[in-house]
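Treat the numbers as computed from the prediction; the structure is a model and nothing was measured. Numbered from 1 within each chain, the chains take letters A, B, ... in sequence-line order. Worth knowing before you read on, the calculation uses all heavy atoms, side chains too, and leaves out hydrogens, waters and symmetry mates.
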Protein chains: 2
Amino acid sequence: MSLGSASKAINAPAAVREKTRVAVEAAVRKLGYIPDASGRALASRQSRTVGIILPTISNVVYSAFVHALHKVLAGHGYPLFVLAHEYDADLEAAYVRELIGRGVDGLVLIGTDHRAQVHDLLAASATPHIFAWSIDEAPAFNALGISNHRAMEALADYLISLGHRRLSMITGAVIGNERARARVKGLEDAVARHGASLATVLEMPLTIEGGRVGFAEWLARKDGATALVCATDLQAAGALDQARLAGVRVPQDLSVTGFDDIEFAALLSPPLTTIRMPIDQLGHDVGAALVALMQGGAPFASRELHTGLVVRASTAGPVSSPK
Amino acid sequence: MSLGSASKAINAPAAVREKTRVAVEAAVRKLGYIPDASGRALASRQSRTVGIILPTISNVVYSAFVHALHKVLAGHGYPLFVLAHEYDADLEAAYVRELIGRGVDGLVLIGTDHRAQVHDLLAASATPHIFAWSIDEAPAFNALGISNHRAMEALADYLISLGHRRLSMITGAVIGNERARARVKGLEDAVARHGASLATVLEMPLTIEGGRVGFAEWLARKDGATALVCATDLQAAGALDQARLAGVRVPQDLSVTGFDDIEFAALLSPPLTTIRMPIDQLGHDVGAALVALMQGGAPFASRELHTGLVVRASTAGPVSSPK
DNA sequence: TTGTAGGCGTTATCAT
DNA sequence: ATGATAACGCCTACAA
């Protein structure tokens, strides 16, 4: 029996006589043969693989997304390779290169703000790809996500409707991150629209610790704000903890909000008022859209998914001004 | 100029004349050339890549580990490909196959309990690999982690020293998971040693929701336990939340414990008594050991890392028996 | 249905 | 220091 027949027996068992198929299967088992993906990819020009490049794997909101995405992709026989660049735009570009060089059939990127080189690489290689998460500053095609701007406006509207007139914010670094930018902008716009004021905007790491440090710094400024808006639930969790340590009562002395509605948001004390990211739906839709693209579908018009305001106990009307 | 020279200019810039190097660099930039990893892997027999296969990406304790591991591997120029099998042993084996087929230079697996096929694959391909997390039921070589058994004994000793005589446990599925097994066994052994008793052991998913359901079921049994030991912080978080809903006061009516000491453990209410996993150290050590292996080092004797008991407010002596 | 042969993009060997 | 050439393992025509 020839090499070619063996190849066929493995990849198209139907196009081969039962006898040779069985023979090949036996040999495979006996020899512990594992097809070499490199040879296969080289010859067939495809890898049956999709990659996703995350800002970080340490924020559960991203790992929850990977989880949801994984489910639909695995159903189509695509293993999902995960890479994290830790908010380093150059590293992200390097990873895009790496993955394209590896011949991934599809690629998922988070957000819409990437190095120009990333777009060049994607275009030159014609790799099917999706920009997931955000439609702020989105290209006309292949972006699937929420409007961070609108979501934050809705949150601000709510706080202002409670009677807050002076707000402050802890955000993440805005360069290279349109989500952070749009959240700040949404808050600014809502505040301006209502004639309220934005006292302080602090840039901190998008982590629990970042929220802790941000809260401490905000407190030291005594800026008179009665509500503290955080760019993520992680930061809000840190801020809440630091508030407790500092003796600032939430929500009596200060309202605190997050963004994402991670599972832990409801378990904090007090439970966190936040914006719900439709993570499962996003994972599902991105997976489906990517599969369509990989099967030769045309680029799709950028599509918006909707968020919701989740009111819990970390917000209330202002009564006394905080320390 | 020949193809061979171009290859050298890219991979060993020092072994080539400055002039040709510059020429190649210019051409690379001009053409937007990306080396094809398949061809490269095929010819060189190595991929400069390492893979890690996780039980799940949804438990922060694993993503924190990936984060730590990533840091040391990236420093050596190895991108880390992450796969998650969601506690499906067959899928894990398939992924091992997949990664070996892809020619990863190194592989990290979680825990020591894997399909026999996994060990065969690893041996046949001579892929450098490490079993991270646990030394329970560990092979003599290449395992690096904690003793779940001893850690749980220490926790149980502590609870019993508080005066608890009747304990119950929520664990994860124990088949295919030596960590869950060792944690149950550690509790059983400590209880037996002190002449205390283990009222109920419930197998639940290793998630927040699993903890919620487990708590509800435990409560319905009215088994008289005064302390509820959970196999992970995630389960404990769910149990705590469900206790609050059910009006069971922690720690007055019931002590609750976790395992892992994830960042959120300190932010729950009440803050969780738990076992600290030395995640950063584990990530660092596993990374260093794997690099050594990939550079041709000999297999290393399995090594134990140490855990610590973290006492917070979710535990206290038994006063009244719970509802 | 099966065998044969060429080539995928890269590196490695060996002369030059 | 460079150029030619033979692999690497697999797939895919195409011929038998």
Quiz item: For Ser38(B), which contact category applies under a 4.0 Å heavy-atom criterion: base, sugar-phosphate, or nothing?
Solution: nothing
Quiz item: Between Val16(B) and Ser44(B), who's closer to the 5' end of DNA chain D by nearest nucleotide?
Solution: Val16(B)
Quiz prompt | Interatomic distance, Arg21(B) CZ vs dT2(D) P [rounded to whole Å] | solution = 11 Å
Quiz item: Side-chain donor-acceptor pair under 3.5 Å between Asn148(B) and Ser134(B), yes or no?
Solution: yes
Self-check item: Distance in angstrom units between Lys8(A) NZ and dT12(D) C1', rounded
Solution: 9 Å
Practice problem: To the nearest Å, give me how far apart CG (Asp36(A)) and C1' (dC11(D)) are. | Solution: 12 Å
Quiz item: Of all residues at least two apart in sequence or in a different chain, which pass the ring pair (Phe, Tyr, Trp, His ring centres under 6.0 Å) check with Phe131(B)?
Solution: His114(B), His119(B), His129(B)
Exercise. Under 4.0 Å from any heavy atom of chain B: name the first and the last nucleotide of DNA chain C that qualifies, 5' to 3'.
Key: dG9(C) to dA12(C)
Quiz item: Taking 4.0 angstrom as the limit, do Arg115(B) and Asp120(B) come out as a salt bridge?
Solution: no
Quiz prompt | Residues Arg181(A), Glu137(A): salt bridge by 4.0 Å N-O rule | solution = yes
Quiz item: Any side-chain N or O of Ser7(A) less than 4.0 Å from the OP1 or OP2 oxygen of dC11(D)?
Solution: yes
Exercise. Provide, to the nearest angstrom, the distance between the CD1 atom belonging to Ile34(A) and the C1' atom belonging to dC10(D).
Key: 15 Å
Practice problem: May I ask you to evaluate whether Arg45(B) reaches the phosphate of dC8(D), defined as a side-chain N or O under 4.0 Å from OP1 or OP2? | Solution: no
Quiz item: When you check the phosphate oxygens OP1 and OP2 of dG9(D), does a side-chain N or O of Arg40(A) lie under 4.0 Å from one of them?
Solution: no
Exercise. Measure from CG on Leu42(B) to P on dC10(D) and round the result to the nearest Å.
Key: 9 Å
Quiz item: Rounded to whole angstroms, how far apart are CZ on Arg48(A) and C1' on dC10(D)?
Solution: 17 Å
Practice problem: For Tyr33(A) and for Lys19(B), find the nucleotide of DNA chain D with the closest heavy atom, then tell me which residue's nucleotide is more 5'. | Solution: Lys19(B)
Quiz prompt | Pair Arg102(B)-Ser47(A), side chain to side chain donor-acceptor pair (under 3.5 Å): steps then yes or no | solution = CA-CA 10 Å; Arg102(B) 238 156 235 291; Ser47(A) 64; 5.3 Å; no
Exercise. Please examine the side chains of Leu122(A) and Ile100(A), heavy atoms only from C-beta on, and report whether any two atoms are closer than 4.5 Å.
Key: yes
Practice problem: Run the salt-bridge test on Asp136(A) and Arg183(A) with the 4.0 Å N-O cut-off and return the result as yes or no. | Solution: no
Quiz item: Can a side chain N or O of Ser5(B) be found less than 4.0 Å away from OP1 or OP2 on dT2(D)?
Solution: no
Practice problem: Check the distance between dG9(D)'s P and Ile100(B)'s CD1 and give it to me in whole angstrom. | Solution: 16 Å
